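Only one structure is covered here, and it is reproduced in the block below.
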Amino acid sequence: MTQDIPKNYESAQVESRWYESWVDKGCFTADPARVSESRPAYSIVIPPPNVTGVLHMGHVLNNTIQDILVRKARLDGKEVLWLPGTDHAGIATQVMVEKQLKKAEGKTRYDLGREAFLERVWDWKKEKGGIIINQLKKLGCSCDWSRERFTMDERYSRCIQKIFVDLYKKGYIYRGKRMVNWCPASLTALSDEEVIMEPHKGFLYYFKIEIAEEPGTFLTIATTRPETIPGDSAIAVNPKDERYAKYIGKHAIRPLPCENQEPIPIVGDESVEFEFGTGVLKVTPAHDKTDFEIGRRHNLKVTDIMNPDGTMNALAGKDLAGMERFKARDKSVELLRELGLLVKEEPYENKVGISERAKVPIEPRLSEQWFLKYPSVPAARECVASGAMKFHPERWSKVYEHWMGNLQDWCISRQLWWGHRIPVWYSKSDPAKIYCDVTPPADAENWEQDPDVLDTWFSSWLWPFATMGWDMDTPDAEMPELLKKFYPTSDLVTGPDIIFFWVARMIMAGFEWRGEMPFRNVYFTGIVRDKLGRKMSKTLGNSPDPLDLIARYGADALRFGTMRSAPLGQDVLFDEKNVELGRNFCNKLWNASRFRQMSGPMADNSSLEAIVSRIVPELCDADDHAILDGLVRLVRGCSDALANYEFNAYTQALYAFFWNDFCDWYVEVAKTRLTDEKLRGNVLAIQDLCLRQFLLCLAPLTPFIAEELYHLLGYIPEGEFLQSQKLVSADELAGTLEKRGLKIDATAVNDIAQIREFVTQARALKSHNNAGTKKDCLFRLVLKDAAAGALLERNAAKLKTLIGAKEIEILSENSEGIGASAVTPLGTLSLDTTGLIDVAAETKRLSKELEKLDKAVAAGTAKINNPAFASKAPAHILEGAKKQLAETQAKRDEVAKLLESLKLKG
RNA sequence: GGACGCUUAGCUCAGUUGGUUAGAGCAUCUCGUUUACACCGAGAGGGUCGGGGGUUCGAGUCCCUCAGCGUCCACCA
């Protein structure tokens, strides 16, 4: 029935064996047909990692959480779908393949042409695209791999086209010439969300500009971008600014030579700040968003002086033409200086928009792009505001609400090749004529398709339902069962960094096409940082390789360590020590299980009831009651913690119960009963019960070792899996015990708490007196009261073993102790220290303790004597305070006495 | 310029609706190889809860304020 547990735990071997088995037997496969009233559906869609991605600590955190949730749901008897997949990651993937192409063949994508290039990308995807999926498997993720999706799957792509056409026809999508964030490195437009504002140390340049109508009169302008002077269309001042209002309507002469040397108008615009610089603004409508708006208000000319790649074009004048934009800046400063127009330059720090992907400053640029006016905004806002959809931690809902309340139209077109191509064709004969549909026009030869693709996030926002077989044209009644049963999903687990990119947009899409929210709860993880608090990144090289950690410590250990340090929604400071702790924990668990096996024959462990029926209530002592009490509390604690997404409370509860209560205390204490034939069976039954329920609670966190031990201890026959077991609730567990006639005795639980304290003090006493390892000490105890006597009586045998005592003599109340003493819950305990005692050290220790107790007594007395406290505090608090003061006082007196007798000896 | 978060032992963090003498793990120190585990066991030292003020019989826990750190949002060139 069971086999011997090997001496060492080999995580690598155990993990790969079980994972294979789980997948083979379809453990992770969701079946909509099994969903019923008594077997509710539970679903999560994975935040699809980039297909180019490799597993990093953020993935570990995020996916471990999801795996814990889905595995817990299975143990709770739910039908579970965890739907996995990858994201085509437009820019990232294309750039990567382009780099390879350049390196290997020295070619660019243009050399290959669109079709051939895309073939290369697909080849790459087929060959290397699955890396991260395999890594997730190593971590133990129980995704339904039979349903793995990719955002460029044919079906999925079809959905994207359809919703584009849908939105276009509804009037949400439009094409327009706007100022966009242009990435000069990737040569594409970006959405506002893809631009990161970063501080940049530069200079503020002050230069003079002459007024055409008043030769010899100059205005001074402050700018950070002198290279754009050739693109200036006007000079703006605030009309309320009395320094400059008089110049409005006049003209100025651009100082740098360029193609068009006509004087530019001086206009009045209220957006100009008095305080900044000189209060005079140069207006460059083609290269700055604010300036573009000013240009519109004043009908200014838009002169684009740059090429798409960020170099200056001919309109910038022959001095700058062809120059890279930052070189051109230096050059223009030089020119201004030569012309004697540069007044000064001062160091200046401002924020510059950086392309998230290419890490280069973006260039505001006027270009023709497709934009989306967000749909279903009111419903999307309302569902979070009303609490119908919950964010954990709740505070993120404010961030969401703020963004939703300030929506800007979304630039969705990208000048890339890798992605979903925009389903729009332009008539060759009349470029203004547009055809928009999922199928190309019938007379395709007369049309030209838009060359652009859609923003990757424009495909991601359909992820929760497009992955489940949704189709826009299918009536709801005919939708796939998968969608009907598993949508909306239960939880979404993701990082707060993509709340706008992804979460908000998915909510809108959910309402727009499914008429409801796509998930009920969103759990936002923290950001994983290194020990020094720095965000983990490839460039910093501070991110450990999770695969390496798994190889060295095991996936369970990595999961355990990560969760133990992941407080609710706080950033996670990763430290390999935590993984080591996880490894140690697995080792402890392994050995405790092994010890159980070595302690006596294995009996019927086949079900909870079978084990409970082996327990004989009359044979249970206080320790049994205490550990069962702890077990029930553990079950409740784990369940509550997970229901509240408190993963580290969950992990800590498991750790504390198992290590401190079960191993350090219960198993140790029970050793004395193992040698007694009459008692052994009962003790082992309780251990079997504890281990079984513990493994069930633990399984979502460390599924591999839990599964392995669950089998080795005979809780389940071969061919079945732990995940099919039912994790009974705390109440059900207590109920099962009661049915067997075992009602947990609160007094016994309290007794054990006192006994444990007593043992700790006795051991400390030995340790202080250089007798830490002696096993035949002579103790004497002046009992506190009769109850203490009875308690001691009942536990005498095991106490002697636990504290290494030859004898515990009971002394009458007023007798003198021997050697060193300590005040314990059972009374004053003394140790015969003949030949051992270190009077000086013991005096020092007791003096310190006395000082502490004196303080406590003083504070307690003051509190009780405070009439306000006595009259206003509730009765139980008052009583508690009095009782505590009495105890503290007694202890203080006792310690004082001990100290006195010690002084006599010294 | 706004918003949010954090500040508790050397380090990383717990501390439930304010209520008895603030807890873990790691690290440090002492002792230990007793028939599960040295990836172990026993014990010890170490915080007055960022500063200040307030509310209260009572505050790490609520309010105000200051400081430091961090994140997000924002069209001051």
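Here the structure is a predicted model, which means the values were calculated and not measured. Every chain is numbered from 1, with letters handed out A, B, ... down the list of sequences.
If you check residues 657-666 of chain A against RNA chain B, the residues with a heavy atom closer than 4.0 Å are A:Trp659, A:Cys663, A:Asp664, listed by number. Within residues 219-236 of chain A, the residues that place at least one heavy atom under 4.0 Å from RNA chain B are, in residue-number order, A:Ala222, A:Thr223, A:Thr224.
Cation-pi check for A:Lys800 over A:Phe779 is not met; the charged atom does not lie both under 6.0 angstrom from the ring centroid and within 45 degrees of its normal. Figure legend: A:Arg633 and A:Phe657 shown without cation-pi pairing, the cationic atom not lying both under 6.0 angstrom from the six-membered ring centre and within 45 degrees of its axis.
B:rG15 and B:rG19 have their C1' atoms separated by 14 Å, with the value rounded to a whole Å. Across the C1' atoms, B:rG47 and B:rG1 are found 38 Å apart, a figure rounded to whole Å. Look at the C1' atom in both B:rC62 and B:rG70: the space between them is 25 Å, to the nearest Å. For the C1' atoms, the distance from B:rC4 to B:rA22 is 28 Å, rounded to whole Å. Across the P atoms, B:rU48 and B:rU56 are found 27 Å apart, a figure rounded to whole Å. Going from the C1' atom of B:rC31 to that of B:rG45 covers 15 Å, rounded to whole Å. Comparing B:rU65 with B:rA3, their P atoms are spaced 11 Å from each other, to the whole Å.
What separates CG of A:Asp575 from P of B:rG10 is a distance of 17 Å, to the nearest Å. Note: CG (A:Asp497) to C1' (B:rC4) measures 16 Å, nearest angstrom. Rounded to whole angstrom, the span from the CZ atom of A:Arg564 across to the C1' atom of B:rA14 amounts to 10 Å. Across the protein-nucleic acid pair, A:Leu709 atom CG and B:rC37 atom C1' stand 13 Å apart, rounded to whole Å. One atom, NE2 of A:His402, and another, P of B:rG1, lie 16 Å apart when rounded to the nearest Å. A:Glu363 places its CD atom 15 Å from the C1' atom of B:rC75, with the value rounded to the nearest Å. In this entry the distance linking CZ of A:Phe647 with C1' of B:rU12 reads 20 Å, nearest Å. Spacing between atom CH2 of A:Trp396 and atom P of B:rG5 amounts to 10 Å, rounded to whole angstrom units.
Take the nearest nucleotide of RNA chain B for A:Phe276 and for A:Lys863: the residue whose nucleotide is more 5' is A:Lys863. Residue whose closest nucleotide on RNA chain B sits further toward the 5' end, between A:Val667 and A:Glu275: A:Val667.
You'll find that the side chain of A:Glu273 is closest to B:rC76, out of B:rC39, B:rG25, B:rC76. With B:rG43, B:rA36, B:rC72 as the candidates, the nucleotide lying closest to the side chain of A:Phe595 is B:rA36.
Salt-bridge check for A:Asp241 with A:Arg243: passed, with a basic side-chain N closer than 4.0 Å to an acidic carboxylate O. We find that A:Asp192 and A:Lys289 are joined by a salt bridge, their nearest charged nitrogen and carboxylate oxygen being less than 4.0 Å apart. A salt bridge does not link A:Lys398 with A:Glu401: every distance from a Lys NZ or Arg NE/NH1/NH2 to an Asp or Glu carboxylate oxygen is 4.0 Å or more.
Scanning for side chain to side chain contact (heavy atoms under 4.5 Å, CB included) contacts around A:Asp776 gives A:Lys774, A:Lys806, with sequence neighbours left out. For A:Phe704, the ring pair (Phe, Tyr, Trp, His ring centres under 6.0 Å) criterion is met by A:Trp22, not counting sequence neighbours. Partners of A:Glu10 under the salt bridge (charged side-chain N to carboxylate O under 4.0 Å, His left out) rule, at least two apart in sequence or in another chain, do not exist in this structure. With sequence neighbours excluded, the residues forming a salt bridge (charged side-chain N to carboxylate O under 4.0 Å, His left out) with A:Glu270 are A:Lys240, listed by chain and number. Qualifying ring pair (Phe, Tyr, Trp, His ring centres under 6.0 Å) partners for A:Trp590, counting only residues two or more places apart in sequence or in other chains: A:Tyr9. In this view, A:Phe500 and A:Trp403 satisfy the ring pair (Phe, Tyr, Trp, His ring centres under 6.0 Å) rule, not counting sequence neighbours. The ring pair (Phe, Tyr, Trp, His ring centres under 6.0 Å) test applied to A:Trp410 returns A:Tyr374, A:Phe458, A:Trp461, not counting sequence neighbours.
No engagement by A:Tyr206 is indicated, since no non-hydrogen atom pair under 4.0 Å with the nucleic acid exists. No engagement by A:Ala881 is indicated, since no non-hydrogen atom pair under 4.0 Å with the nucleic acid exists. Among the atoms of the strands shown, base atoms are found under 4.0 Å from some heavy atom of A:Lys671. Heavy atoms of A:Lys351 sit under 4.0 angstrom from at least one base atom. Backbone-only engagement by A:Leu581 is indicated by non-hydrogen atom pairs under 4.0 Å involving sugar-phosphate atoms exclusively. Counting any heavy atom pair closer than 4.0 Å across all strands shown, A:Val283 reaches no nucleic acid atom. Within 4.0 Å of A:Thr760, counting heavy atoms only, lie sugar-phosphate atoms of the nucleic acid but no base atom. Nucleic acid contact class of A:Pro874 (heavy atoms, under 4.0 Å, all strands): base.
You'll find a donor-acceptor pair under 3.5 Å spanning the side chain of A:Lys588 and the base of B:rC37, going by distance alone. The base of B:rA36 sits with one of its N or O atoms less than 3.5 Å from a complementary donor or acceptor on the side chain of A:Glu668. A donor and an acceptor atom sit less than 3.5 Å apart, one in the side chain of A:Arg583 and one in the base of B:rC39.
For A:Phe658 against A:Ala592, the heavy-atom pair with the smallest separation is CZ-CB, 3.6 Å.
Note on A:Lys577: every side-chain N or O is 4.0 Å or more away from OP1 and OP2 of B:rU12. Under 4.0 angstrom from either OP1 or OP2 of B:rA77 there lies at least one side-chain N or O belonging to A:Tyr348. Applying the 4.0 Å criterion to OP1 and OP2 of B:rC40, one finds that A:Asn584 has a side-chain N or O inside that range. Between A:Ser271 and B:rC76 there is no side-chain polar atom (N or O) within less than 4.0 angstrom of OP1 or OP2. In terms of phosphate contacts, A:Lys289 brings no side-chain nitrogen or oxygen within less than 4.0 Å of OP1 or OP2 of B:rA77.
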(request) Toss me the dot-bracket line for RNA chain B: Watson-Crick and G-U wobble, both under 3.5 Å, 5' to 3', using | for pairs to another strand and [ ] for crossers. (result) (((((((..((((.....[...)))).(((((.......))))).....(((((..]....))))))))))))....
Could you list, one pair per line, each protein nitrogen or oxygen that sits under 3.5 Å from a nitrogen or oxygen of nucleotides 60-63 of chain B, together with the distance?
none

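Residues in residues 223-234 of chain A take part in these salt bridge (charged side-chain N to carboxylate O under 4.0 Å, His left out) pairs, two or more places apart or across chains: A:Arg225-A:Glu227, A:Arg225-A:Glu363, A:Glu227-A:Arg329, A:Asp232-A:Lys282.
For A:Phe203 and A:Tyr348, the distance between ring centers is not under 6.0 angstrom.
In the displayed structure, A:Gln408 atom CD is contacted under 6.0 Å by at most 12 heavy atoms of other residues, nucleotides or ligands.
Using modelled atom types, one finds no donor on one side chain facing an acceptor on the other under 3.5 Å when comparing A:Glu346 with A:Tyr205.
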